[in-house]
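Reading through the structure tokens given below for one structure.
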Amino acid sequence: MASQESHLTATLVTSILGAVIGSLQIGYHTGNINAPAKIIEEFFNNTWRARHNQSISDHSLTFLWSLSVSIKDFGALLGSLGVKYLADSYGRRNSILIVNGLSVVGACLMFASKASESFEVLILGRLVFGLFCGLVMSLNPLYIQEVSPTNLRGAFATLNQVSFAAGILVGVVAGLEIVLGTEHDWAMMLSLSLIPALTQYVILPFCPESPRYLLINRQEEIKAKSALLRLRGRAENVFAELEEMKEEAAHTQSRVTIQDFFKKRSYRQPIIIVLIVSLGSQLSGFNAIINYSTKMFQAKFDQAKYLTLGVGAVNLTFTLVAFFLMERAGRRRLLLTGFISIAVCNLIMTVVDSVLKICGAYVYLLFMIVALLAFTFTWIRLPETKGRTFDDIAEEFRGAEGIPLHNKTVFNTFT
Ligand SMILES: *[C@@H]1O[C@H](CO)[C@@H](O)[C@H](O)[C@H]1NC(C)=O
Ligand SMILES: *[C@@H]1O[C@H](CO)[C@@H](O)[C@H](O)[C@H]1NC(C)=O
């Protein structure tokens with residue numbers, strides 16, 4: 001079971017901060033494209049006119065713009081396929097450093113698009129940045145959870161979200177016309193994620209690799225021990241934690257086939273949970289709001305971009321609330337509260353929308369149904385993980401099969 005309480009050390013805090021800067025970059029590029037949509041569309045139009053000696057059609061413009069916005073998520077999907085290979089081959093920290101290069105390249109491409117008068121370069125830049133997103137969105141939680149002591153794991157995982165939400169807010173603000181969302185500055189505004197990216201290159205090389213990775217994936221006990229010693233500061237905690245990891249390693253089979261993944265209940269259960277909880281949070285309307293709210297509300301309100309700003313601020317506030325409540329209230333209860341709240345909000349949006357006729361009200365009903373399904377599933381299936389070790393959580397899933405423990409495997413990268 002859980003080891004003794006661990007305390008904050010300078011190395012631990014630095015490692016966590018070094019990692020969460022990645023999520024700040026993702027948030028930044030999630031928020032900054034919303035408000036200046038009109039100005040960047042004008043750039044598309046001008047570029048088109050310079051080439052073809054005619055204005056772009058509404059249809060092509062909508063297509064190109066939607067492509068620019070959504071190609072980041074497509075890139076993220078592709079990127080996520082490489083996570084396991086990178087994380088297990090190069091380690092968690094090194095992988096974060098490697099993929100940070102994609103962020104740098106992506107930001108440079110976005111910056112170059114204006115000077116080169118090419119919207120293709122902007123789209124390519126967002127694709128490359130999307131690859132970075134897909135990789136970091138999995139690498140970051142992995143690294144953070146593996147360097148965190150059990151009693152702080154949830155709070156630090158949430159800190160990653162706080163950083164993401166802060167990035168969105170900064171992105172929304174930077175994208176405002178009175179800040180940098182102007183015809184003159186938008187390309188420079190898109191490239192500002194270089195600042196956190198380069199900061200990460202300064203901080204992270206001084207942070208230790210995940211001890212769990214060193215011990216379980218590499219079998220390098222001495223290195224694992226010294227990494228853990230740096231993170232925890234005290235030798236007595238280190239011993240107990242290493243023992244725990246070894247026990248976990250003993251439960252881990254090195255070769256797991258894809259068929260195993262779908263056949264064994266001990267795997268299937270956590271996979272279904274991860275899928276439903278992520279789908280539930282992705283498809284409950286948040287992305288639609290954060291990507292398109294300014295465009296959606298522009299027809300009705302002159303100051304639609306400030307509405308987006310409000311959304312960003314509320315988002316950050318509640319992520320902070322979750323951060324402070326995480327280790328007290330437990331994950332289950334917070335997640336359930338989140339899903340039921342977003343279902344209620346979508347219901348309210350449906351009503352408001354059939355006043356205002358912004359877009360089809362049924363969209364929100366669809367989001368609401370997704371949120372309610374996710375709520376129900378979470379209620380029935382999600383075990384509380386607060387204060388529990390990885391091995392302990394995995395044991396609960398193994399228990400579902402009723403076969404002796406020593407034959408069973410651990411969900412190695414439980415997130
Ligand atoms: C562009 O189109 C306009 C009218 O459609 C025409 O008068 C002009 O000659 C064209 N310019 C070039 C460079 O083809
Ligand atoms: C493109 O720009 C021209 C000239 O500024 C404008 O008349 C036209 O409506 C614009 N096209 C779109 C699709 O916004």
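Counting convention: from 1, in listed order, for ligands and their atoms alike. Atom set for the values below is all heavy atoms of this structure, side chains included, hydrogens, waters and symmetry mates excluded. Because the structure is a prediction, the values reported are computed rather than measured.
Between Tyr90 and Tyr85, some side-chain heavy-atom pair lies under the 4.5 Å cut-off.
Side-chain contact annotation: Gln25 with Ser103, donor-acceptor N/O pair under 3.5 Å present. In summary, the side chains of Ser57 and Ser60 do present a donor paired with an acceptor at a separation below 3.5 Å, with no hydrogens or angles considered.
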As a test of reading the model: which N/O atoms of the protein lie under 3.5 Å from N/O atoms of ligand 2, and at what distance?
residue: ligand 2; atom: 2 (O); partner: Asn45; partner atom: ND2; Å: 2.3
residue: ligand 2; atom: 2 (O); partner: Arg49; partner atom: NH2; Å: 3.1
residue: ligand 2; atom: 11 (N); partner: Asn45; partner atom: ND2; Å: 2.9

| task | Just do the side-chain contact (heavy atoms from CB on, under 4.5 Å) check on Leu365 and Asn346 with the steps written out, would you? | result | CA-CA 7 Å; Leu365 282 182; Asn346 277 312; over 6 Å; no
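Between the side chain of Arg332 and the main chain of Thr378, a donor-acceptor pair closer than 3.5 Å is present. Under the 3.5 Å distance criterion, the side-chain polar atoms of Lys225 are left unmatched by any main-chain donor or acceptor of Pro211.
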